[in-house]
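What follows is a set of notes on a single structure, which appears directly below.
Lettering of chains follows the sequences in order, A, B, ..., and the numbering in each one begins at 1.
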There are 2 protein chains.
Amino acid sequence: MGESAGPQRAGTKSAQLRAYLLGLIEEQLRPHDKMPTERELAETFGVTRLTVRRALDQLGYEGRVYRTQGAGTFVSEPRIAKSVELTSFTDDMRARGLMPGSQSTRIVEVTAGAEVGAQLGISPRDAVAHIYRVRTADGEPMCLENTYIPASLAPDLARRPLEGSLYQTLVENYGLRIDKAEQSIHATVLDGEMAQALGVPEFSPAFKVSRVAYDARSRRIEYAESVYRADRYSYDFVIYRTPKGTK
Amino acid sequence: MGESAGPQRAGTKSAQLRAYLLGLIEEQLRPHDKMPTERELAETFGVTRLTVRRALDQLGYEGRVYRTQGAGTFVSEPRIAKSVELTSFTDDMRARGLMPGSQSTRIVEVTAGAEVGAQLGISPRDAVAHIYRVRTADGEPMCLENTYIPASLAPDLARRPLEGSLYQTLVENYGLRIDKAEQSIHATVLDGEMAQALGVPEFSPAFKVSRVAYDARSRRIEYAESVYRADRYSYDFVIYRTPKGTK
DNA sequence: CAGTGGTCTAGACCACGAG
DNA sequence: TCGTGGTCTAGACCACTGT
């Protein structure tokens, strides 16, 4: 299918194939329709079945198709919930159809202290950039965010005007790309100060999210504590049974 | 490593290899230690690199190892948080070092009604088994759970003594195996009735979890609404950047 | 029984990291 | 430059589904 000159920049064959199949799913097939067989796809695209399977594995992981041995591969029902993916606040809000923004951003360099130091695996006396933001969606407060980044990884970050995405800044100026994050989510109620900052009554329910983010080399890049308004935010995701080989 | 007569029943070679590597990670190596190279493992175990890679891919998804092209595969730091996996309440509690239990279980057959019918994709007039349970951990209430299962899939479930795991019953008696679930998590505060059932003060924070579970054929098997005490429960998981091929 | 997905072999070349 | 993981080829056999 080389002639479909879609706006794909995908490098690998399986990624190209995945993009093609995604188009097929979204534009031509309906839920529970049967996809072409792996052998058909392999022949059509001039690749091996393994390559086809990689593309389909990916789509299966994303919940777009399901497979039944002996029967075939089928289109999943439209997804109600998104799988848990590592996205920026900006992308997260856009995916929810909301317009993201920030208020009262403050960025300063401070010493890490016990808690932040422990989370980042550095000395409590090491310097970190501390970014405080009130994140908004459609102009209304959505969450309070405190982000800490080791100064050793991003020197002078605190003296840089923070325009655009923080993650983009980290990639472009420091070569730091977040690849993985560990999150811990608690339910809580808001105290007076936080409630006021978020524009809701005191004792309103909220999510408290702690996150440690790593790059591909397993270095800790960021520690963030966020508090989300529960009336505007929910976690929607897909989970799967035992990761496939374990049974 | 054929001579390690561990209690493994794993079928595929990659699953056996994964089990061996897991032992290696947990018993002999330390975080950031280098794992054997893929080619070494392939030769040692008499399999191809692809098979080795499947085992390592798996461990990578589970957050146990990380790989760097050109450098090698390394042991991840001990996991602070678990990846989101589809587990039963029982397994979830055990993983947290708590002793799971149930109180005041009730199971009845009722008509689905609008909400449950919509979630399960059946008629509001169709029959469902409704299971209500107060789930306990170490003898203390942990969550309230309302589970609904279409009677067409599990006839007479309501007339069956519910002993052992519900999921086990579904597999053994009805051939229903849950493979995937969509979850939506909200933060809330408890009203008087729920607070009393959970043994906490009114207006205590809590998680409200809605779940639709599917089998491998994408049939909806179960709808469940659960309310968890926030003082005893948190969601801890790992998230990854864009699913690999998308960039 | 025919056809499907699930697993595996035995190679090959490429892209990247470190000395 | 060399060794590593990342991708791919061209086959093969098995396990399961549906008829």
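Between A:R54 and A:A71, the residue anchored closer to the 5' end of DNA chain D is A:R54, taking for each the nucleotide with the nearest heavy atom.
Checking A:Y235 against B:Q183 by side-chain atom types alone, no donor-acceptor pair falls below 3.5 Å.
Against DNA chain D, the stretch residues 24-36 of chain B makes no heavy-atom approach under 4.0 Å.
Counting non-hydrogen atoms under 4.0 angstrom, B:G60 reaches nothing in the nucleic acid. B:T48 comes within contact range of at least one nucleobase, with a heavy-atom separation under 4.0 Å.
Rounded to an integer number of Å, the gap from B:E38 CD to C:dC16 C1' is 14 Å. Atom pair B:L56:CG and D:dT7:C1' shows a separation of 16 Å (rounding to whole Å applied). Atom CG of A:D215 is separated from atom C1' of C:dG17 by 14 Å (rounded to the nearest Å). For the pair A:L21 CG and C:dG5 P, the computed distance is 12 Å after rounding to whole Å. At whole-Å resolution of the value, CD in B:Q69 and P in C:dC16 are 6 Å apart. With rounding to whole Å, B:F74 atom CZ is found 12 Å from D:dG3 atom C1'. When the P atom of D:dT9 is taken as reference, atom CZ of A:R49 falls 14 Å away, rounded to whole Å. Between the P atom of C:dC8 and the CZ atom of B:R18 lies a distance of 14 Å, rounded to the nearest Å.
With salt bridges taken as basic N to acidic carboxylate O contacts below 4.0 Å, one links A:D57 and A:R67. Checked for salt-bridge contact, A:R219 and A:D179 miss the test: no charged N lies under 4.0 Å from a carboxylate O.
Regarding contacts with the backbone of D:dG6, a side-chain N or O of B:R53 is found under 4.0 angstrom from either OP1 or OP2. Dashed line: the shortest gap from a side-chain N or O of B:T68 to OP1 or OP2 of D:dT4 is not under 4.0 Å. Residue A:S14 places at least one side-chain N or O under 4.0 Å from the OP1 or OP2 atom of D:dC8. Listed pair A:R67 / C:dG6 meets the phosphate criterion, a side-chain N or O lying under 4.0 Å from OP1 or OP2.
Checked against a 6.0 Å centroid threshold, the rings of B:Y20 and B:F45 count as neighbours. Aromatic pair B:Y148/B:H130: ring centres closer than 6.0 Å. For B:Y214 and A:Y66, the gap between ring centers reaches or exceeds 6.0 Å.
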Working for side-chain contact (heavy atoms from CB on, under 4.5 Å), residues B:L153 and B:Y174: CA-CA 7 Å; B:L153 293 175; B:Y174 302 101; over 6 Å; no

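Two end axes, each from the C1' atoms of five base pairs, can be drawn for the helix from C:dC1-D:dG18 to C:dA18-D:dT1; they diverge by 10°, to 10 degrees.
A:R220 contributes a side-chain N or O that, together with a main-chain N or O of A:Q119, makes up a donor-acceptor pair within less than 3.5 Å.
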Let me check something: any side-chain donor-acceptor pairs from residues 107-118 of chain B under 3.5 Å, sequence neighbours excluded? List them with distances.
unit_1: B:E115; atom_1: OE2; unit_2: B:Y223; atom_2: OH; d: 3.3

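Closest approach of B:V47 to B:K13, counting heavy atoms only: CG1-CD, 3.9 Å.
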